[in-house]
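See below for the structure under consideration.
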Amino acid sequence: MKADSVSIPQISREQDGRPTAPEKIIHLGIGNFTRAHQAWYTEHAPDAAKWGIAGFTGRGPRMSDLLEAQECVYTLITSGRQGDQFEVISSISSMHSGSDTAALRARFTDPDIAIVTSTVTEAGYKRTHTGDLDIADPDVAADLRALKADPLADGLKTVPVRMVAGFLARRCAAAGPITVLPCDNLAGNGAAFRKVVEQAIAEVDPSLLDWTRLNVSWATSMVDRITPATTPGDIEQVERVKGWHDASPVRTEPFREWVIAGDFPAGRPAWDEAGAVITGDVTPYEERKLWMLNGSHSTLAYCGSLFGYETVADAVADPTLRRWVNEWWDLAGRYISVPTDEYRKQLLERFENPNIRHLLMQIASDGSEKLPVRIVPAARKALKDGAPIVPAARAIAAWILFLTRFSDRLADVNKSKVVSLAKPCLASERSIDGEAVRHVIAYLDQGLASSSLFVDEVVRQIDEVGKAAEARRAS
Ligand code: CS2
């Protein structure tokens, strides 16, 4: 197949990759992260030839269109300080739009499917602040109605209800046990996912709960690999270096980590032989990763954008921002039960990687869903202990400033709500409205909002971060 008039051949499975493996894993939410992470681990497992992934996109069909057109293979560019390495990943066997519930149902009824994995983001769980399924969400409500009326309903929009559709089909087909292994960036993702799916089941057909109790095993995992969005430069580089056209290569860092806890009654790839850690308790690793890596990422995303930087590498090179990151790590590190010294050094090196252009704007998206899992838990602990709270208040203050300054470029699933809450905080040129600030904090966490000490510190930090950003932009 020719990609263009200059006759660059398109990447293909036969030429550049492996034969299609039989589908045994359903993945919900295929994006660049999964392609650099779970698909990499599956590719590098010794039994890769037996474990193919049926990929479903999270939202629109874009990624399935791109990958289907090139037989689901793509180039992974691993960018370290020393340069780039290229490899073809063949572990995705088929691609589908997330809304293709018929294709999803067909996979669930297949007894060979042993695992469902997900990277649907915090927002994809459709949770309320209490972690329950948000049945007032219009998409959730519409999906529940549709599936209740017709167990073969197509075009479902929300992940918890899509899972119910899959389980209904699997029960009907008596296709046997299955493991659900979420790979989303939130602590206790197995229990969190289970809760919303079981609540959706209770709404649609409570009798299915007896089946899921016997047939579904809920695993938990911590995932890590910094993976920016694909750029035109990545596509050009692959053409130049490898001599094939790939419309959707993925650039990632050399570092990767996957810690998994759970049972796999229908088996799993030998991911551990590719470096994944199988353990009984993921919690300390999840907290270390979420609070330290993702918490400092969010701090850099908001503060760094206000300072006028575009990438993580640029932001972390700024002495003030680097100090703020270290202060946040001091706060979070107190509450993490696994070692953090080496981890901190490694994080700095990863953030500084000059060959990864990780855009702050990409990380800044969906702060309303990210801050509650990245900043709030350690902030609450510090407040309770009387420990320093400034670094946590600073992250939230920077988010508030960011919401007011970048509302035109902001991507957030709760955008209109959070922007309207943030705007009154800085309604007057001269002063910050403490009550309005309390309301924004309450959106993230009621406990923090009920502490005047914390609210006052966020007010102070809005002022300090704002002034520091102004000074930096003026310099
Ligand atoms: C980032 C993460 O975009 C973000 O919010 O913090 O995607 C981060 O790069 C990954 O969790 C790294 O594993």
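Only a predicted model underlies this, so the values are computations on that prediction, with no experimental measurement involved. Whatever order the structure lists them in is the order used to number ligands and atoms, beginning at 1.
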Do [X] and [Y] have a side chain donor and acceptor closer than 3.5 Å?
{"X": "Thr311", "Y": "His358", "value": "no"}
{"X": "Asn294", "Y": "Lys370", "value": "no"}
{"X": "Ser94", "Y": "His96", "value": "yes"}
{"X": "Glu342", "Y": "Gln346", "value": "no"}

Mark up the atoms of ligand 1 that fall under 4.0 Å of a heavy atom belonging to [X], in ascending order.
{"X": "Arg225", "result": "12 (C), 13 (O)"}
{"X": "His358", "result": "9 (O)"}
{"X": "Asn185", "result": "11 (O)"}
{"X": "Lys370", "result": "3 (O), 4 (C), 5 (O)"}

Minimum-distance protein heavy atom relative to atom 11 (O) of ligand 1
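Here the nearest protein heavy atom works out to Lys289 NZ, 2.5 Å.
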
Nearest-neighbour protein heavy atom for atom 6 (O) of ligand 1, which is reported as residue plus atom name and distance:
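Ranking protein heavy atoms by distance from atom 6 (O) of ligand 1, first comes His297 ND1, 2.8 Å.
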
Option of least heavy-atom distance to atom 12 (C) of ligand 1 (set: Thr252, Asn294, Asp224):
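Comparing heavy atoms across Thr252, Asn294, Asp224, the nearest one to atom 12 (C) of ligand 1 lies in Asp224.
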
Side chain, backbone, both or neither: which applies to Arg374 and ligand 1 if a contact is any heavy-atom pair less than 4.0 Å apart?
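For Arg374, only side-chain atoms sit under 4.0 Å from ligand 1.
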
Any cation-pi pair here, Arg288 with Tyr343, using under 6.0 Å and within 45°?
yes

Between ligand 1 and Thr227, is the shortest N or O to N or O distance under 3.5 Å?
no

State whether the shortest distance between N or O atoms of Arg350 and N or O atoms of ligand 1 falls below 3.5 angstrom.
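The answer is no, given that Arg350 and ligand 1 share no N or O pair closer than 3.5 Å.
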
Would you please indicate yes or no on a ring centroid separation below 6.0 angstrom for Tyr443 and His439?
no

Sub-4.5 Å side-chain heavy-atom contact between Val73 and Arg18:
no

